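Worth knowing before you read on, the calculation uses all heavy atoms, side chains too, and leaves out hydrogens, waters and symmetry mates. What you are looking at is a predicted structure, and each value in this text was computed from that prediction instead of being measured. We name chains A, B, ... by the order of the sequence lines, and we start the count at 1 in each one.
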Protein chains: 2
Amino acid sequence: MSFWLMPSGGGAGVRIAADLRAAGLRPTRQRVALGKLLFAKGHRHLSAEDLHEEAQAAAVRVSLATVYNTLHQFTGAGLLREVAIDGARTYFDTNVSHHHHFFVEGEGRLIDMSDHVDIDRLPEPPAGMEVMGVEVVVRVRRKA
Amino acid sequence: MSFWLMPSGGGAGVRIAADLRAAGLRPTRQRVALGKLLFAKGHRHLSAEDLHEEAQAAAVRVSLATVYNTLHQFTGAGLLREVAIDGARTYFDTNVSHHHHFFVEGEGRLIDMSDHVDIDRLPEPPAGMEVMGVEVVVRVRRKA
DNA sequence: CTGTGTGCAAACTCTTTGCATAAGT
DNA sequence: ACTTATGCAAAGAGTTTGCACACAG
């Protein structure tokens with residue numbers, strides 16, 4: 001009955017449904033569909049609006065509110081990483097592993113830094129604080 | 001007699017007026033007043049709203065729109081540095097020198113990293129791109 | 001069935017803008 | 001005077017929320 005689980009042959013739907021279940025999220029039609037859009041094509045950086053547009057293009061009926069909810073739920077489940085860069089848009093990165101980004105000014109685009117960045121002598125955090133993460137953003141601009 | 005130089009005692013007003021003039025900005029009442037609030041007390045991180053509140057507390061009549069304008073003009077003049085961290089608020093840092101930040105989650109507060117951070121092996125930017133700057137944000141949280 | 005998820009539209013926050021008035025030089 | 005800056009209120013972008021209906025378990 002669940003042809004929607006893997007209509008296009010990848011098995012991604014099944015995996016996603018299982019992942020969602022493991023995260024305590026019901027694998028609803030919308031969440032599975034968004035999950036497939038997100039995880040089917042390698043690592044991506046999307047805003048909520050991007051994903052909403054993709055969903056519409058893929059004939060998936062989802063409201064923007066649900067896209068936001070879903071992105072945050074996926075983030076909470078560790079399936080996505082939230083990247084806040086330029087104060088305007090929030091990006092969601094399907095690459096959850098530890099890495100950093102180039103941010104292309106003027107295009108509002110993120111590019112994964114595949115080489116890793118070594119940071120020496122990272123200062124001690126202020127007293128009473130614990131480090132949650134280190135984010136390095138290299139701002140780049142297209143050469144004239 | 002020198003009290004005629006500065007009505008409220010400091011020389012900051014004079015300095016700020018000169019800096020503004022040098023930057024091609026007319027030293028208006030509002031800009032000088034905001035400049036004094038910004039630069040009188042060492043390095044600070046403020047949002048537009050923060051500065052607007054301070055101005056009101058200091059009985060300086062300025063609209064929020066003017067605060068925004070002024071902050072951006074000061075940034076353009078190199079008097080401030082804009083720091084976009086958490087996607088919500090934009091902070092303006094009176095410390096223009098090259099340094100990085102701790103961002104205190106839950107408090108939306110920035111702390112200067114006084115030690116500097118050495119970054120080795122910073123990857124080459126993507127083809128056709130030039131590096132505009134490197135930003136390191138260490139996210140910290142108050143220990144439970 | 002029961003409770004969680006979804007959709008819609010309205011609310012909300014932060015920021016920018018347009019235009020008449022005020023102020024600097 | 002001439003030009004630029006300011007204030008106000010309204011618009012704008014991105015995101016969140018409240019509530020009735022729909023759907024998964």
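Each of dA23(C), dA5(D), dG7(C) was ranked by its minimum atom distance to the side chain of Ser63(A); first place goes to dG7(C). Which of dA5(D), dC8(C), dG25(D) sits closest to the side chain of Arg31(B) comes down to dA5(D). The side chain of Gln73(B) lies closest to dT6(D), out of dT17(D), dT6(D), dT15(D). In the set dC8(C), dT3(D), dT15(C), dT15(C) carries the atom at the smallest distance from any side-chain atom of Leu64(B). Here dC14(C) is the nucleotide among dG24(C), dC14(C), dG7(C) with the atom lying nearest to any side-chain atom of Glu49(B). Listed candidates were dT15(D), dA24(D), dG24(C). Nearest to the side chain of Thr28(A) is dA24(D). Checked against dG14(D), dT17(C), dT6(D), the side chain of Arg89(A) finds its nearest nucleotide in dG14(D).
In this structure, Leu25(B) and Ala65(B) both approach DNA chain C, and ranking their closest nucleotides by distance from the 5' end singles out Ala65(B). Each of Ser47(A) and Arg61(A) lies near DNA chain D, and the nucleotide nearest Ser47(A) is the one positioned closer to the 5' end.
Atom CG of Asp50(A) and atom C1' of dG14(D) are 12 Å apart (whole Å). When rounded to the nearest whole Å, the span between CZ of Arg29(B) and C1' of dT21(C) equals 13 Å. In this structure, CG of Leu71(B) is placed 15 Å from P of dA5(D), rounded to the nearest angstrom. In this structure, Leu51(A) atom CG and dG14(D) atom C1' are separated by 15 Å, rounded to whole Å. Going from atom CD of Glu53(A) over to atom C1' of dA13(D) covers 14 Å, rounded to whole Å. For Leu46(A) and dG14(D), the CG to C1' distance is 16 Å, given to the nearest whole Å. The CG-P distance, from Asn69(B) to dA23(C), rounds to 17 Å in whole Å. We find that CG of Leu20(A) is positioned 19 Å from P of dC23(D), with the value rounded to whole Å.
Contact annotation: the side chain of Arg109(A) never approaches that of His45(A) to less than 4.5 Å [non-hydrogen atoms, C-beta and beyond]. Side chains of Arg139(A) and Ile85(A) form a contact here, defined as non-hydrogen atoms less than 4.5 Å apart.
Contact annotation for Thr90(A): backbone-only contact, meaning every heavy-atom pair under 4.0 Å involves sugar-phosphate atoms and none involves a base.
A close approach under 4.0 Å does occur between a side-chain nitrogen or oxygen of His72(A) and OP1 or OP2 of dT16(D). Distances shown here put a side-chain N or O of Arg21(A) below 4.0 Å from the OP1 or OP2 atom of dG25(D). Put simply, Tyr68(B) has no side-chain N or O that comes within less than 4.0 Å of OP1 or OP2 on dT16(C). An OP1 or OP2 oxygen of dG7(C) is reached within less than 4.0 angstrom by a side-chain nitrogen or oxygen of Gln30(A).
Heavy-atom contacts from other residues, nucleotides or ligands closer than 6.0 Å to CZ of Arg141(A) number 12 or fewer.
Aromatic ring orientation, Phe74(A) versus Phe39(A): parallel (interplanar angle below 30°, classes split at 30° and 60°).
A distance of 11.0 Å separates CZ in Arg44(B) from CG in Leu80(B), rounded to the nearest 0.5 Å.
A donor and an acceptor atom sit less than 3.5 Å apart, one in the side chain of Arg26(B) and one in the base of dT3(D).
Taking all atoms of both residues into account, the shortest heavy-atom contact from Ile16(B) to Lys36(B) is CD1-N, 3.3 Å.
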